[in-house]
Amino acid sequence: MTDRAPQPVDRQLPTEESRDLLALVREIAQREIRPRAAEEEDSGRFPREVFTLLSEAGLLGLPYPGEYGGGEQPYEVYLQVLEELAAARLTVGLGVSVHSLACHGLGGYGTKEQQAAHLPAMLGGGLLGAYCLSEPAAGSDAASLTTKAVRDGDDWIITGTKAWITHGGVADFYTVLARTGVEGPKGITAFLVPGDAEGLTAAVPEKKMGMKGSPTAQLHFDGVRLPDSRRIGEEGQGFSIALAALDAGRLGIAACAIGVAQAALDEALAYALDRKQFGHPIADFQGLRFMLADMATKIEAGRALYLAAARLRDAGKPFSRQAAMAKLFCTDAAMAVTTDAVQVLGGYGYTADFPVERLMREAKVLQIVEGTNQIQRMVIARHLAGPETR
């Protein structure tokens, strides 16, 4: 790792409060997150204490209403917080995004009674959430999920397996999508499941090429009984709730991707200014300067794209197409920028002594999660040309 500290991003923020908020986030990131990121990722350690700290600082509920403990921040501010956290450690930035995704169903579709009963603890009470949509045989085709919830009097009994669950086994609550009716999207309902529910178990976490500190695991529901008061929205409304959550979640992934890319650029630039060959810093060589310029341009373009989508959301306007575009562009940009950062560092970039190899491995997963980039292209094309006619 280089000795040069990364320079703060010059951000366009709407209020003085938001500028103070970003300064607080940078301070926490540099003091509590970044120094231990490489060691803890290498050992696969999940930093639960960091999420507790973020909850205490009011950073786990930023886009939610203040009456339930949220921060009442617009999405354009919340996403820039995610970017700063992801630049320090993707396990943390992505973890905050996943937690916000897990709160989305109850926050947007729960009854006032449900929100009053659960949201304060979820948003600022130290709890950590997870989102359960994917299954072993239902990934991109999420509408084909087979986990079932069957009525038993005033209760529901959930049986099935969810897969690729971030925070699987460590979360305090799960937003779960289960089939309660007919095949297809109209037969799916959302539920809020406590992490300690009887009959709920987690498999051994997946062994991944990156984000080793963030547990990703299958969850098994063996007759998990829930009262109807933990059903979110109407029966059969679950898939539309899930899609709305994913639109917002894709913006979170886009912001995290730009954070990872920014961290890689910072490392590459610092190295290029310090490393000398042929009697000059390698930053003097035109070929490398052009690489750095292209990296910076991709990052600025991605940041502008996700912020434009966020501002549409904040204004209450449709943003699904722009969210897909932001997720697609920003994650592809992160993959390109981190790969170039490894090239800038040469042989050192391929070693674990510098963080760019870790950043490159982490960038890859962002092209996959919350809808692969091929799915994003399908979403964008449908907005442009309508549904496929085949």
Joint cluster assignment, [X] & [Y], ILVMFWY side-chain distance < 4.5 Å:
{"X": "Leu90", "Y": "Ile253", "value": "yes"}
{"X": "Met325", "Y": "Met378", "value": "no"}
{"X": "Leu54", "Y": "Val170", "value": "yes"}
{"X": "Leu265", "Y": "Met360", "value": "yes"}
{"X": "Leu60", "Y": "Tyr68", "value": "no"}

Are side-chain heavy atoms of [X] and [Y] found at a separation under 4.5 Å?
{"X": "Val337", "Y": "Gln262", "result": "no"}
{"X": "Leu94", "Y": "Glu362", "result": "no"}
{"X": "His118", "Y": "Arg230", "result": "yes"}
{"X": "Val96", "Y": "Phe51", "result": "yes"}
{"X": "Pro47", "Y": "Glu49", "result": "yes"}
{"X": "Glu17", "Y": "Glu72", "result": "no"}
{"X": "Val81", "Y": "Glu84", "result": "no"}
{"X": "Leu62", "Y": "Leu21", "result": "yes"}

Show every donor-acceptor pair shorter than 3.5 Å between a side-chain atom in residues 190-214 and any protein atom, with sequence neighbours excluded, or say none if there are none.
from   : atom 1 : to     : atom 2 : distance (Å)
Lys208 : NZ     : Met211 : O      : 3.0
Lys208 : NZ     : Ser214 : O      : 2.5
Lys208 : NZ     : Thr216 : OG1    : 2.8

task: Would you confirm whether the ring centroid of Tyr174 sits within less than 6.0 angstrom of the ring centroid of His167?
output: no
Does the [X] side chain pair with the main chain of [Y], one donor and one acceptor, at a distance under 3.5 Å?
{"X": "Glu183", "Y": "Ser144", "value": "no"}
{"X": "Lys327", "Y": "Glu370", "value": "no"}
{"X": "Arg231", "Y": "Thr189", "value": "no"}
{"X": "Asp314", "Y": "Tyr75", "value": "yes"}
{"X": "Arg321", "Y": "Arg382", "value": "no"}
{"X": "Arg313", "Y": "Gly316", "value": "no"}
{"X": "Gln376", "Y": "Gly371", "value": "yes"}

query: When Leu133 is tested against each of Thr147, Val176, Leu145 for side-chain contact (heavy atoms from CB on, under 4.5 Å), which residue passes?
result: Leu145
- prompt: Of the options Arg36, Arg358, Arg89, which is the one that meets Glu41 in a salt bridge (Lys or Arg N to Asp or Glu O under 4.0 Å)?
  reply: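 Of Arg36, Arg358, Arg89, salt bridge (Lys or Arg N to Asp or Glu O under 4.0 Å) with Glu41 is met by Arg89 alone.
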Distance, nearest 0.5 Å, that separates [atom1] of [X] from [atom2] of [Y]:
{"X": "Lys186", "Y": "Thr180", "atom1": "NZ", "atom2": "OG1", "value": "13.5 Å"}
{"X": "Ile241", "Y": "Leu177", "atom1": "CD1", "atom2": "CG", "value": "8.0 Å"}
{"X": "Leu226", "Y": "Trp156", "atom1": "CG", "atom2": "CH2", "value": "10.5 Å"}
{"X": "Gln80", "Y": "Leu22", "atom1": "CD", "atom2": "CG", "value": "6.0 Å"}
{"X": "Arg311", "Y": "Glu76", "atom1": "CZ", "atom2": "CD", "value": "4.5 Å"}
{"X": "Thr175", "Y": "Tyr109", "atom1": "OG1", "atom2": "OH", "value": "12.5 Å"}

task: Verify side-chain contact (heavy atoms from CB on, under 4.5 Å) between Tyr348 and Arg275, making sure each step is shown before the conclusion.
output: CA-CA 11 Å; Tyr348 290 111; Arg275 173 72 166 170; 4.2 Å; yes
I need the minimum non-hydrogen distance between [X] and [Y], along with the two atoms involved.
{"X": "Gln237", "Y": "Ser240", "result": "O-OG, 2.8 Å"}
{"X": "Gly302", "Y": "Cys330", "result": "O-SG, 3.3 Å"}
{"X": "Val98", "Y": "Gly129", "result": "CG1-O, 4.1 Å"}
{"X": "Ala309", "Y": "Gln322", "result": "CB-CB, 3.7 Å"}
{"X": "Ala324", "Y": "Val379", "result": "CB-CG1, 3.8 Å"}
{"X": "Ala363", "Y": "Thr338", "result": "CB-OG1, 3.6 Å"}

field: Electrostatic pair Arg377-Asp332, nearest N-O below 4.0 angstrom
entry: yes
message: If you apply the rule side-chain contact (heavy atoms from CB on, under 4.5 Å), what do you find for Trp164 with Ile368, and how did you get there?
response: CA-CA 11 Å; Trp164 309 111; Ile368 299 171; over 6 Å; no
message: For Tyr78 and Ser97: C-alpha separation, side-chain torsions, deciding distance, then whether side-chain contact (heavy atoms from CB on, under 4.5 Å) applies.
response: CA-CA 10 Å; Tyr78 159 67; Ser97 181; 4.3 Å; yes
task: Go through the side-chain N and O atoms of Glu135 and Thr146 and say whether any donor and acceptor fall under 3.5 Å apart.
output: yes
message: For His104 and Tyr64: C-alpha separation, side-chain torsions, deciding distance, then whether ring-ring contact (aromatic ring centres under 6.0 Å, His included) applies.
response: CA-CA 9 Å; His104 185 276; Tyr64 289 96; 7.4 Å; no
message: For Ala326, give me all partners under side-chain contact (heavy atoms from CB on, under 4.5 Å), at least two apart in sequence or on another chain.
response: Leu251, Ala254, Leu305, Tyr306
Identify every side-chain donor-acceptor pair in residues 276-298 under 3.5 Å, counting partners at least two apart or on other chains, and give the distances.
from   : atom 1 : to     : atom 2 : distance (Å)
Arg289 : NH1    : Ala283 : O      : 2.7
Thr297 : OG1    : Ala293 : O      : 2.8

